[in-house]
Amino acid sequence: MIEFIDTHAHIYEPEFDEDRAAVMSRAAEAGVGRMLLPAIDGGSYERMFALCREYPDRCFPMMGLHPTSVNDNPQWERDLELVERFFAAPPVERFFGVGEIGLDYYWSVDFRNEQREVFVRQVELSLREGLPVAVHTRDAWDDMTEIMQRFAGRGVRGVFHAFSGTVEHLERLRECGDFVFGVGGTVTFRKSVAAEAVAAMELSEIVLETDCPYLAPVPYRGRRNEPSYIPLICGRVAEIKGVTVAEAAAASTANAERIFF
């Protein structure tokens, strides 16, 4: 069977409370044996930890503070300190990355400075811990590339989750560190920026993700997403790159293993 890794799954979220075991079974049947779980904020950390304890060979946690959790949050410094304390004394066996971190100006630009500070501090944390980053970027690609260029040559590595930047952004980020780019359900949409980006990527820099429960691929668009849909995403990537599904899957799995495992 083809082996897939879902590099970005929020399967600990409440949307899966009613049938999480069945979702995990469907993922296994589809060949998705491993899932990387990005953290969001203090409201969901314990749910993520519990799931990783339940499925230690399948669910692999990251730790970080999401940029939208900085917005309108006067206690963001305390929340960031909590992330740092978790790395000092992990409540799970280990973390596999610093994430989900980044910049998100979609909802508001009023907290741009705070988001930038939190992001930079967490990239610095990744360097101290020797871990990859899982980076969220929405409506902030120019700022993101400007910040990452400061880290060029310092050994930063990781994934730009749900990549939606331009080819120019892609080329600039390649120069900043050892990065791969997360491709999810949006690549299957009829008008897809992600599809244009994938065409410019090498197979050696693509990883697959769902971002479940969000952004389900066609034909499930608009419904709850889940890891068992990874083969649909892989199929579209294979089509764009002109390779077989097996070749696209093998490349994405090898890329995820190199960065995270």
Side-chain angles (χ1 to χ4, degrees), residues 7-17 36-49 61-87 91 95 97-129 131-151 156 158-166 169 173 176 179 181-182 184-186 193-194 209-216 222 224-225:
T7 60
H8 202 100
H10 299 281
I11 199 168
Y12 55 83
E13 290 287 61
E15 285 89 341
F16 296 101
D17 284 352
L36 285 154
L37 276 52
I40 297 296
D41 56 32
S44 60
Y45 293 154
E46 289 301 327
R47 294 198 305 271
M48 182 182 72
F49 298 153
M62 295 184 269
M63 176 48 55
L65 183 63
H66 193 283
T68 60
S69 298
V70 176
N71 292 0
D72 201 24
N73 177 9
Q75 297 180 324
W76 65 263
E77 290 183 288
R78 183 204 64 182
D79 292 348
L80 185 55
E81 289 171 0
L82 175 62
V83 169
E84 295 168 343
R85 289 201 302 272
F86 276 135
F87 276 103
F95 293 116
V98 179
E100 179 175 357
I101 65 176
L103 303 174
D104 190 321
Y105 303 161
Y106 177 78
W107 303 104
S108 173
V109 295
D110 294 341
F111 305 95
R112 176 176 177 268
N113 291 336
E114 291 88 344
Q115 283 194 19
R116 286 169 60 96
E117 179 177 348
V118 170
F119 176 60
V120 168
R121 284 176 58 177
Q122 291 185 101
V123 176
E124 294 282 3
L125 175 63
S126 79
L127 292 172
R128 293 197 301 272
E129 296 291 332
L131 290 172
V133 289
V135 182
H136 169 110
T137 312
R138 191 177 188 189
D139 290 358
W141 284 104
D142 288 342
D143 273 16
M144 177 58 67
T145 51
E146 180 268 318
I147 290 173
M148 292 312 302
Q149 284 176 319
R150 301 185 211 163
F151 286 95
V156 179
V159 58
F160 284 94
H161 145 66
F163 184 79
S164 61
T166 65
H169 292 132
L173 291 170
C176 298
F179 291 115
F181 301 89
T186 60
V193 173
E209 62 175 51
T210 57
D211 199 15
C212 66
Y214 317 107
L215 299 175
R224 184 190 70 177
N225 201 359

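Since this is a predicted model, take the numbers as computed values, not measurements.
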Engineer: Kindly compute the distance separating CZ (Phe49) from CG (Leu37), expressed to the nearest 0.5 Å.
Structural biologist: 11.0 Å
Engineer: Specify the closest pair of heavy atoms between Val98 and Phe87, including all atoms of both residues, with the distance to one decimal.
Structural biologist: CG2-CZ, 3.7 Å
Engineer: Under 3.5 Å, side chain of Asn225 to main-chain N/O of Pro213, donor-acceptor pair present?
Structural biologist: no
Engineer: Are the side chain of Arg47 and the backbone N or O of Gly43 linked by a donor-acceptor pair below 3.5 Å?
Structural biologist: yes
Engineer: Do Thr137 and Asp104 have side-chain heavy atoms sitting under 4.5 Å apart?
Structural biologist: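 A side-chain contact is absent here, since even the closest heavy-atom pair is not under 4.5 Å.
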Engineer: Are Asn71 and Gln115 linked by a side-chain donor-acceptor pair shorter than 3.5 Å?
Structural biologist: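 Note: Asn71 and Gln115 side chains meet the donor-acceptor criterion.
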Engineer: Atom OH in Tyr12, atom OG in Ser44: separation rounded to 0.5 Å?
Structural biologist: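 So the OH of Tyr12 and the OG of Ser44 are separated by 4.5 Å.
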Engineer: For Phe151 and Val120, run side-chain contact (heavy atoms from CB on, under 4.5 Å): C-alpha distance rounded to whole Å, both residues' side-chain angles, the deciding distance at 0.1 Å, then the answer.
Structural biologist: CA-CA 9 Å; Phe151 286 95; Val120 168; 4.1 Å; yes
Engineer: Residues in ring-ring contact (aromatic ring centres under 6.0 Å, His included) with Phe111, at least two apart?
Structural biologist: none
Engineer: Check Phe179 against Leu173 and note the closest heavy-atom contact, atom names and distance.
Structural biologist: CD1-O, 3.5 Å
Engineer: Taking Ala162's backbone N and O only, do any of them form a donor-acceptor pair with Glu209's side chain (distance below 3.5 Å, no angle check)?
Structural biologist: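 Judged by distance alone, yes, a pair lies under 3.5 Å.
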Engineer: Side chains of Gln122 and Val83: closer than 4.5 Å at any heavy-atom pair?
Structural biologist: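 A side-chain contact exists here, since the closest heavy-atom pair is under 4.5 Å.
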Engineer: Decide yes or no on side-chain contact (heavy atoms from CB on, under 4.5 Å) for Phe119 and Met144, but give the supporting numbers first.
Structural biologist: CA-CA 9 Å; Phe119 176 60; Met144 177 58 67; 3.5 Å; yes
Engineer: Which pair of non-hydrogen atoms, one from Gly158 and one from Pro132, has the smallest distance, and what is that distance?
Structural biologist: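 Closest approach of Gly158 to Pro132, heavy atoms only: CA-CB, 3.8 Å.
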Engineer: For Glu146 and Arg116: C-alpha separation, side-chain torsions, deciding distance, then whether salt bridge (Lys or Arg N to Asp or Glu O under 4.0 Å) applies.
Structural biologist: CA-CA 11 Å; Glu146 180 268 318; Arg116 286 169 60 96; 3.0 Å; yes
Engineer: So, Thr166 and His169: side-chain donor and acceptor under 3.5 Å apart, yes or no?
Structural biologist: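 Yes - a donor-acceptor pair under 3.5 Å links their side chains.
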Engineer: As a quick check of understanding, evaluate side-chain contact (heavy atoms from CB on, under 4.5 Å) for Val156 and Val123, giving each step before the final call.
Structural biologist: CA-CA 8 Å; Val156 179; Val123 176; 4.1 Å; yes
Engineer: Nearest 0.5 Å please: distance from the NE2 atom of His136 over to the CZ atom of Phe160.
Structural biologist: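 The CZ atom of Phe160 is 12.5 Å from NE2 of His136, to the nearest 0.5 Å.
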Engineer: How about Ser69 and Trp76: does a side-chain donor come under 3.5 Å of a side-chain acceptor?
Structural biologist: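 Result is no, nothing qualifies.
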Engineer: Using every non-hydrogen atom in the two residues, find where Ala9 and Pro38 come nearest and quote the distance to one decimal.
Structural biologist: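 Nearest heavy atoms, Ala9 then Pro38: O-CD, 3.5 Å.
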Engineer: Can you find a heavy atom in the side chain of Arg112 that is under 4.5 Å from one in the side chain of Asp143?
Structural biologist: yes
Engineer: Atom CZ of Phe95 and atom CE of Met62: how far apart are they, to the nearest 0.5 Å?
Structural biologist: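 Between Phe95 CZ and Met62 CE, I get 11.0 Å after rounding to 0.5 Å.
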Engineer: Looking at side-chain heavy atoms only, is the closest gap between Asp79 and Asn73 below 4.5 Å?
Structural biologist: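 Asp79 reaches Asn73 side chain to side chain.
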Engineer: Return the minimal non-hydrogen interatomic distance between Leu65 and Leu80, and the atom names on each side.
Structural biologist: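 The answer is CD2-N, 4.1 Å.
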Engineer: Take His161 and Phe181 through the test side-chain contact (heavy atoms from CB on, under 4.5 Å) and record every step on the way to the result.
Structural biologist: CA-CA 6 Å; His161 145 66; Phe181 301 89; over 6 Å; no
Engineer: Quick check against the 3.5 Å criterion: does Tyr45 have a side-chain atom that pairs as donor or acceptor with the backbone of Met63?
Structural biologist: no
Engineer: With Glu129, which residues qualify under salt bridge (charged side-chain N to carboxylate O under 4.0 Å, His left out), at least two apart?
Structural biologist: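 For Glu129 there are no salt bridge (charged side-chain N to carboxylate O under 4.0 Å, His left out) partners, ignoring immediate neighbours.
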Engineer: Do Arg138 and Tyr106 form a cation-pi contact, if we require the NZ or CZ to be under 6.0 Å from the six-membered ring centre and within 45 degrees of the ring's axis?
Structural biologist: yes
Engineer: Is there side-chain contact between Trp141 and Leu103, with at least one heavy-atom pair below 4.5 Å?
Structural biologist: no
Engineer: Which residue in the set Met48, Glu15, Glu100 passes side-chain contact (heavy atoms from CB on, under 4.5 Å) when paired with His10?
Structural biologist: Glu100
Engineer: Check step by step if salt bridge (Lys or Arg N to Asp or Glu O under 4.0 Å) holds for Glu124 and Arg128.
Structural biologist: CA-CA 6 Å; Glu124 294 282 3; Arg128 293 197 301 272; 5.3 Å; no
Engineer: If I take atom CG from residue Asp41 and atom OG1 from residue Thr68, how far apart are they, to the nearest 0.5 angstrom?
Structural biologist: 7.5 Å
Engineer: Drop me the distance from Leu215's CG to Thr210's OG1, to the nearest 0.5 angstrom.
Structural biologist: 9.0 Å
